[in-house]
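Here is the structure we will look at, set down as structure tokens.
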Amino acid sequence: GEVINFFEPYFTKDIAVVNGHRKKGVFKDKEETPWSTYAIIKFLSGLESLLLGIKQKEWHSGLVMYSTDFLRLVPFAKLSSTMHIDGEFLMCAHLLGMPTASEPIYKRYKDLTAFEGWGRIKHVLNVFWLMTRYHQGYYRRAIREHQENQINDSFDIICH
């Protein structure tokens with residue numbers, strides 16, 4: 001519950017996506033992400049920012065807040081079911097020209113195991129697959145189709 005308080009300043013701001021980013025230096029006694037996982041996340045996030053041209057401090061924290069106005073514009077049915085769906089939301093926000101923000105956070109692992117082995121490899125491969133989809137225009141088309149299929153809720157009442 002304590003980490004969600006970091007997002008409170010954004011509750012009344014017009015931000016589409018607020019994404020947490022791990023900061024071992026800021027939260028020395030609280031951040032529990034294993035160093036190997038932390039290094040891979042930071043490297044992968046930097047690579048995504050570079051290859052996608054969308055600067056984000058982290059793409060993989062899993063602690064994200066979305067505005068409802070933004071969510072109405074997202075083509076949910078066209079997004080993947082991978083663990084990197086938050087990255088797809090960031091791509092959509094960029095394509096829609098909507099602002100994003102990033103807030104330093106820490107992660108606790110308690111009874112969770114570190115992200116390793118085949119799960120880690122599969123996640124990295126999924127990230128590259130989703131970046132490829134982005135560069136092929138997949139999300140741009142999905143957003144356009146979603147917008148075209150929206151029901152126009154304005155109408156005129158004509159009485160005879």
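Taking the six-membered ring where tryptophan is involved, the planes of Phe89 and Phe70 are perpendicular, since the angle between them exceeds 60° and thus also 30°.
Here Phe6 pairs with Phe27 under the ring pair (Phe, Tyr, Trp, His ring centres under 6.0 Å) rule; sequence neighbours left out. Scored by the salt bridge (Lys or Arg N to Asp or Glu O under 4.0 Å) test, Asp29 finds no partners at all (sequence neighbours excluded). Glu31 meets the salt bridge (Lys or Arg N to Asp or Glu O under 4.0 Å) test with no other residue; sequence neighbours excluded. Listed by chain and number, the residues in a side chain to side chain donor-acceptor pair (under 3.5 Å) with Lys30 are Glu2 (sequence neighbours excluded). Residues meeting the side chain to side chain contact (heavy atoms under 4.5 Å, CB included) test with Leu63, sequence neighbours left out: Val3, Phe7, Ser61, Ile105. Evaluation of the side chain to side chain contact (heavy atoms under 4.5 Å, CB included) rule for Gln136 yields Thr132 as partners, not counting sequence neighbours.
If you take CG on Leu79 and CG on Leu130, they are separated by 9.0 Å, rounding to the nearest 0.5 Å. Rounding to the nearest 0.5 Å gives a distance of 4.0 Å between CG of Leu96 and CD1 of Ile143. Rounded to the nearest 0.5 angstrom, Met131 CE and Leu47 CG are separated by 5.0 Å. Taking CG of Asn149 as the reference point, atom CD of Gln147 lies at 10.5 Å (rounded to 0.5 Å).
Within a 6.0 Å radius of CZ in Arg141, more than 12 heavy atoms belonging to other residues, nucleotides or ligands are found. No more than 12 heavy atoms of other residues, nucleotides or ligands shown are found within 6.0 angstrom of NZ on Lys23. Annotation: Phe76, atom CZ; neighbour count of heavy atoms from other residues, nucleotides and ligands within 6.0 Å is above 12.
Sorted by first then second residue, the side chain to side chain donor-acceptor pair (under 3.5 Å) pairs that include residues 90-100, not counting sequence neighbours, are Gln56-Thr100. Listed by first then second residue, pairs satisfying salt bridge (Lys or Arg N to Asp or Glu O under 4.0 Å) with a partner in residues 58-82 read Arg22-Glu58, Lys42-Glu58, Asp69-Arg72, Lys78-Glu145, not counting sequence neighbours. Residue pairs satisfying the side chain to side chain donor-acceptor pair (under 3.5 Å) criterion with at least one member in residues 44-55, sequence neighbours excluded, are listed as follows: Glu48-His60, Glu48-His84, Ser49-Trp59. Legend: salt bridge (Lys or Arg N to Asp or Glu O under 4.0 Å) pairs involving residues 80-104, not counting sequence neighbours: none detected. Within the structure, no pair that satisfies the salt bridge (Lys or Arg N to Asp or Glu O under 4.0 Å) test touches residues 121-137, not counting sequence neighbours.
Transitive grouping of hydrophobic side chains (ILVMFWY, heavy atoms separated by less than 4.5 Å) brings Ile15 and Phe11 into a common cluster.
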**OP:** Starting from the C-alpha separation in whole Å, work towards a yes-or-no answer on side-chain contact (heavy atoms from CB on, under 4.5 Å) for Leu44 and Phe128.
**Re:** CA-CA 10 Å; Leu44 195 55; Phe128 281 100; 4.3 Å; yes

Subject >> Audit row: Val127, Val124, side-chain contact (heavy atoms from CB on, under 4.5 Å) steps and yes/no >> reply: CA-CA 5 Å; Val127 168; Val124 170; 5.6 Å; no

**OP:** For Val17 and Val64, run side-chain contact (heavy atoms from CB on, under 4.5 Å): C-alpha distance rounded to whole Å, both residues' side-chain angles, the deciding distance at 0.1 Å, then the answer.
**Re:** CA-CA 7 Å; Val17 180; Val64 188; 3.5 Å; yes

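Contact of the Trp129 side chain with the Ser80 side chain is registered, since non-hydrogen atoms from C-beta on lie closer than 4.5 Å. Between Leu95 and Tyr134 the shortest side-chain heavy-atom distance falls below 4.5 Å.
Listed for the Thr82 side chain is no donor-acceptor partner under 3.5 Å among the backbone atoms of Asn126.
Scanning all heavy atoms of the two residues, the minimum distance from Met91 to Leu52 falls at CE-CD1, 4.0 Å. In terms of heavy atoms, Ala101 sits closest to Tyr10 at CB-CE2, 3.6 Å.
In this structure, Trp35 shares a hydrophobic cluster with Tyr38, the cluster being traced through Ile, Leu, Val, Met, Phe, Trp and Tyr side chains under 4.5 angstrom apart.
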